[in-house]
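Worksheet: the structure to be examined is printed underneath.
One-based numbering along the sequence shown. Start at 1 and go down the list; that is how both ligands and their atoms are numbered. For clarity, every value in this text was computed on a predicted model and none was experimentally measured.
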Amino acid sequence: MSKTIAINAGSSSLKWQLYLMPEEEVIAKGLIERIGLNDAISTVKFDGKEEKQVLAIADHTQAVKILLDDLMRLGIIKSYDEITGVGHRVVAGGEHFKDSALVDEDVIQKVEELTLLAPLHNGANAAGIRAFKEILPDITSVVVFDTSFHTSMPEKAYRYPLPSKYYRENQVRKYGAHGTSHEYVAQEAAKIMGKPLEDLKLVTAHIGNGVSITAIDSGKSVDTSMGFTPLAGVMMGTRTGDIDPAIIPYLLEHSDDFQTAEDISRILNRESGLLGVSEVSNDMRDVMAAMEQGDAKSQLAYDMFIDRIVKYIGQYLAVLSGADGIIFTAGIGENDPKVRQDIIRHFEWAGAKLDASKNEVRPVKGLISTEDASLKVLVIPTDEELVIARDVERLKK
Ligand code: AMP
């Protein structure tokens with residue numbers, strides 16, 4: 001019996017979840033926000049209670065110290081020795097990391113080098129890893145990559161039709177993201193469907209603020225909608241998803257908003273998607289509320305969002321030459337029956353049919369298609385932290 005902590009470090013935040021393993025029981029979880037500021041906030045949830053404190057936190061190392069002190073102060077652990085493993089989520093693993101890995105100096109350096117591929121994320125992830133190494137140097141430390149699951153994609157799927165030189169010299173290719181989520185929901189779906197994952201073809205739809213769709217054959221990712229970065233694929237909360245790349249040089253010439261690479265990245269990543277089109281919010285609940293009030297821009301944003309997801313699912317049904325199941329997960333996919341219904345009504349030709357009463361149950365987990373549907377539809381709440389904790393167990397020395 002041991003305690004393992006799953007860590008998701010952002011540039012100014014650190015999200016954590018403490019597990020009793022191998023029982024997979026969540027003992028406590030929390031979030032440290034506003035790292036680097038004098039009014040950072042540390043929230044700890046345990047035993048049905050929530051503890052919050054506001055304090056100055058200079059960096060990730062101090063955030064880790066505060067997290068461990070909180071665990072002691074609140075009686076969640078009696079000594080640091082109870083924590084025997086830590087797993088860190090890392091966004092970009094490039095071509096190097098085909099699986100999770102035990103942390104050593106070489107691994108940390110590679111994660112830092114890969115910051116080139118995920119500028120907003122990998123640096124913060126590496127800071128979290130270093131902070132734990134400094135404070136708890138002897139525990140099992142594992143890195144779990146968002147991209148590893150997608151390293152099984154065939155080259156025809158991951159290459160872009162650019163001159164090959166940019167793949168050779170600049171590593172420009174599709175890496176995908178949300179890998180732990182797609183892998184986890186596919187495994188859980190196979191259990192519910194009562195078949196080995198190796199015998200199934202699945203399309204997984206992770207629909208949250210970030211959105212990605214994956215085609216999975218025999219448990220392996222064969223294609224995914226996110227690309228070189230998590231900007232590609234379907235429209236998202238604030239991201240464009242796929243657009244004609246010629247729009248960028250055009251706007252560089254014809255719009256004052258587009259001057260630098262930073263402008264382009266900001267507008268495409270943070271000001272577009274549901275937010276950019278609705279001019280209301282990036283949050284689906286707000287967009288739907290405005291739509292119900294008759295707001296035409298929110299209606300358009302919603303319709304575009306559904307349209308892009310339908311097209312990707314359709315593509316992947318074709319890539320797989322038909323599938324056994326479509327799986328919904330993440331904030332919108334898990335919680336929004338209307339989104340699921342508006343997507344699935346496009347796939348009745350392929351054998352998918354929703355059981356309206358099952359689709360409306362909240363919270364829902366499991367099959368939501370009718371008994372006779374040949375293409376099953378499922379909702380599986382994603383659990384990326386659990387995948388991380390399981391990988392720590394798996395790789396323990
Ligand atoms: P995530 O990135 O997975 O946390 O998902 C965030 C998205 O999920 C936001 O667009 C939320 O509006 C949406 N969401 C969360 N809860 C609900 C809900 N109960 N109904 C509809 N959408 C929801």
Side-chain angles (χ1 to χ4, degrees), residues 6 8-11 13-17 29-31 33 43 45 89 91 118 120-121 146 176-186 188 204-214 224-226 229-241 269-293 295 297-309 327-344 354 356 358-365 368 378-388:
N8 187 348
S11 54
S13 68
L14 197 137
K15 208 166 127 191
W16 59 270
Q17 199 144 311
K29 57 183 170 180
L31 175 66
E33 300 162 90
T43 312
K45 290 185 187 169
R89 173 193 183 219
V91 168
L120 299 177
H121 296 106
D146 262 20
H178 291 149
T180 48
S181 175
H182 290 288
E183 185 176 14
Y184 173 77
V185 300
E188 293 299 303
T204 47
H206 178 115
I207 312 177
N209 196 37
V211 186
S212 68
I213 317 289
T214 298
T224 192
S225 61
M226 283 180 169
T229 74
L231 176 58
V234 299
M235 169 177 166
M236 309 181 207
T238 59
R239 289 172 245 172
T240 55
N269 275 294
R270 303 200 172 172
E271 298 176 8
S272 298
L274 286 174
L275 173 66
V277 178
S278 71
E279 298 179 326
V280 167
S281 172
N282 65 306
D283 191 303
M284 185 52 107
R285 285 166 292 196
D286 300 337
V287 171
M288 283 180 130
M291 188 170 105
E292 278 152 24
Q293 298 295 314
D295 183 68
K297 285 181 295 190
S298 295
Q299 179 72 55
L300 175 64
Y302 177 84
D303 291 344
M304 288 169 65
F305 188 82
I306 300 292
D307 174 76
R308 300 316 193 262
I309 294 172
I327 299 151
F328 288 100
T329 194
I332 300 171
E334 289 167 28
N335 293 303
D336 200 322
K338 179 175 163 56
V339 166
R340 294 193 295 258
Q341 186 187 9
D342 288 342
I343 294 169
I344 293 301
L354 282 190
K358 286 186 186 158
N359 185 39
E360 291 294 334
V361 175
R362 293 183 206 213
V364 52
K365 180 178 175 187
I368 55 165
L378 297 96
V379 178
I380 310 280
T382 193
D383 196 339
E384 294 167 278
E385 284 77 18
L386 180 58
V387 176
I388 294 172

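Under the 3.5 Å distance criterion, with hydrogens and angles disregarded, a donor-acceptor pair is assigned to the side chains of Thr224 and Thr214.
No donor-acceptor pair under 3.5 Å is formed between the side chain of Gln299 and the backbone N or O of Asp295. Using modelled atom types, one side-chain atom of Asn359 and one backbone atom of Pro337 make a donor-acceptor pair closer than 3.5 Å. When atom types are taken as modelled, the side chain of Ser225 and the backbone of Ile213 share a donor-acceptor pair closer than 3.5 angstrom. Panel note: side chain Arg239, backbone Ala232; no donor-acceptor pair is recorded below 3.5 Å. Side chain of Thr204 to main chain of Ala186: no donor-acceptor pair is present (N/O by atom type, distance under 3.5 Å, no hydrogens or angles).
Considering backbone and side-chain atoms alike, Asp283 places an N or O below 3.5 Å from some N or O of ligand 1. Geometrically, ligand 1 and Gly210 share no nitrogen or oxygen pair separated by less than 3.5 Å. For the pair Met284 and ligand 1, the shortest N or O to N or O distance falls below 3.5 Å.
For atom 14 (N) of ligand 1, the closest non-hydrogen atom on the protein side is Gly331 O, 3.6 Å. Atom 2 (O) of ligand 1 has its closest protein heavy atom at Asn209 N, 2.8 Å. Of all protein heavy atoms, the one lying nearest to atom 7 (C) of ligand 1 is Ile332 CG1, 3.7 Å. From the protein, the heavy atom lying nearest to atom 18 (C) of ligand 1 is Asn335 CB, 3.2 Å.
Per-residue contacts place Gly208 under 4.0 angstrom from the following atoms of ligand 1 (heavy atoms of the residue considered): 1 (P), 2 (O), 3 (O), 5 (O). Set against the non-hydrogen atoms of Asp336, the atoms of ligand 1 under 4.0 Å away are 21 (C).
Residues Leu354 and Gln341 approach most closely at CD1-CA, 3.6 Å, considering heavy atoms.
Between His178 and His206, the angle of the ring planes stays under 30°, which puts this pair in the parallel group of the 30/60° scheme.
Within a 4.0 Å radius of atom 4 (O) of ligand 1, the protein has no heavy atom.
By heavy-atom distance, the residue among Met288, Glu334, Arg285 lying nearest atom 16 (N) of ligand 1 is Arg285.
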